[in-house]
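The structure under discussion appears below in the form of structure tokens.
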Amino acid sequence: MIVDVKGLKTHFFTHRGTVKAVDGVDFELRQGECLCLVGESGCGKTVTALSVLRLFDSPPGKIVGGQIRYNDLDLARCPIKQLRQIRGKDIAIVFQEAQSALNPVLTIGDQITEQIKVHLPLNNEQSRDRAKTLLSDMGIPTPETVMHYYPHQLSGGMKQRVLIAMSLSCDPKILIADEPTTAVDVTIKAQILDIFRELKTKRQMSTIFITHDLAVVSEIGDRAVVMYGGKDVETAPVSELIGNPKHPYTEGLIDCLPDMSKSGDRLASIPGTTPNPLELPEGCSFHPRCSKAMGICSHVEPSKTKISDGHFVCCHLYT
């Protein structure tokens, strides 16, 4: 494995109380695989990914427990100077909002070459040539012209491709993608997913792909971690997760997928809303919304149970 996360806890200490955004997450990322973090908004997916590189605001955020092993280094506790050498070079991230992630007053070329100059021994001309090649690889026409554009001159899909090009500028070993298909149309979405498939095939790149869409998971994922209430509630190979889900929350997410064979039927939904991270329910966080909840679910947190090789679930139905 290339990254091993054990018992990760990232809390935010605010004037209203402690937000347990990530509260005991375990997963491992293997060489050349695409690991998907899945769940509704507010379940802790993004904070988990940001914790790998400690990119959240501190204060108020702080990793209060667990470890993030990368090679022989614990990224949760290593000096920030050492972590800066890893950010962008060994582990890169594609942020969710391309418009917010790009600097509006710098050209696309300047933003890509800045990272290249920080981590690679290349001069200005070599850096710009590399940037143009990356833009071309992302399917952007006339990269020489786009290098001189500002973010507002590009469409949403083009900006997302620029972000991916920036993340690949130093040939990272690991790529974290935070919902890169959000706010783009279906055509651009398909093209972006093709880019990630190609990265996996040609570069053997390890990817952590964050999404709320199980249809996307089934297309590009090798394994998936389902998150709820800041915890990992089910982990399994994607084919097994889709075909044999065990946690009621996972079952609910799958039931919400559109089924063309049932045209005219209303889409299923999970009742209720995600819990307030300031006031998480006792026991299993999902029990107020769960149709299979038992008495024990409201006051005892379920432990992790092995269903089969590589398939784990946190649910009292299997303890």
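Remember, it's a predicted structure, so these values are computed and weren't measured experimentally.
Summarising the geometry of S51 relative to T10, their closest heavy-atom pair is OG-OG1, 2.8 Å, with the distance given to 0.1 Å.
The backbone N or O of L102 sits nowhere less than 3.5 Å from a side-chain atom of Q111 that would complete a donor-acceptor pair. The backbone N or O of P271 lies less than 3.5 Å from no partner atom in the side chain of S269, so there is not a single donor-acceptor pair. Under a 3.5 Å cut-off, the side chain of Q126 and the backbone N or O of N123 do form a donor-acceptor pair. Of the possible polar contacts, one joining the N103 side chain to the V105 backbone as a donor-acceptor pair under 3.5 Å is found.
A side-chain contact (heavy atoms from CB on, under 4.5 Å) with V38 holds for exactly one of I210, V217, V225, L241; it is V217.
In this structure, K304 pairs ionically with D26, as a charged nitrogen and a carboxylate oxygen lie closer than 4.0 Å. Using a 4.0 Å cut-off between charged side-chain N and carboxylate O, R30 and D222 make no salt bridge.
Side-chain contact check for M138 versus I195: some heavy-atom pair is nearer than 4.5 Å. Contact check for K231 versus E301: side-chain heavy atoms found under the 4.5 Å cut-off. Between Q99 and K159, the closest side-chain pair of non-hydrogen atoms falls below 4.5 Å. Residues R130 and L122 meet the side-chain proximity criterion, which asks for heavy atoms closer than 4.5 Å. Two residues are said to be in side-chain contact when any heavy atoms from C-beta on lie closer than 4.5 Å; E234 and C314 fail this criterion.
E144 meets the side-chain contact (heavy atoms from CB on, under 4.5 Å) test with K132, H148; sequence neighbours excluded.
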Using the rule given for side chain to side chain contact (heavy atoms under 4.5 Å, CB included), can you reason through E251 versus I254, listing the C-alpha separation, both sets of side-chain angles and the distance that settles it, and then say yes or no?
CA-CA 5 Å; E251 293 175 353; I254 293 173; 5.9 Å; no
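The stretch residues 206-237 participates, sequence neighbours left out, in these ring-ring contact (aromatic ring centres under 6.0 Å, His included) pairs: F196-F209, Y228-Y249, Y228-F286. Residue pairs meeting the salt bridge (charged side-chain N to carboxylate O under 4.0 Å, His left out) criterion with at least one partner in residues 81-108, sequence neighbours excluded, are D90-K173. Listed by first then second residue, pairs satisfying side-chain hydrogen bond (donor to acceptor under 3.5 Å, both in side chains) with a partner in residues 188-199 read R161-Q191, K189-D213, D194-R197, R197-E219, E198-K202, not counting sequence neighbours. Residue pairs meeting the side-chain hydrogen bond (donor to acceptor under 3.5 Å, both in side chains) criterion with at least one member in residues 235-247, sequence neighbours excluded, are E240-S308, E240-H311, N244-K246.
Applying the 6.0 Å contact sphere to NZ of K200 captures more than 12 heavy atoms from other residues, nucleotides or ligands. Under a cut-off of 6.0 angstrom, the local environment of CD in E282 is sparse, with at most 12 non-hydrogen atoms contributed by other residues, nucleotides or ligands.
I91 and M205 fall into different hydrophobic clusters, where Ile, Leu, Val, Met, Phe, Trp and Tyr are joined by side-chain heavy atoms under 4.5 Å apart, directly or via other members.
Hydrophobic side-chain contacts under 4.5 Å tie F312 to no other Ile, Leu, Val, Met, Phe, Trp or Tyr residue.
At a cut-off of 3.5 Å, with distance as the only test, no side-chain donor of T319 or T305 sits close to an acceptor on the other residue. No side-chain N or O of N124 forms a donor-acceptor pair with one of S127 less than 3.5 Å apart. Neither side chain, T274 nor E40, offers a donor N or O lying under 3.5 Å from an acceptor on the other.
Put simply, CD1 on I220 and SG on C36 are 5.0 Å apart, with the number rounded to the nearest 0.5 Å. From L29, atom CG reaches atom CE of M1 across 10.0 Å, with rounding to the nearest 0.5 Å. To the nearest 0.5 Å, atom OG1 of residue T211 and atom CD of residue Q96 are 9.5 Å apart.
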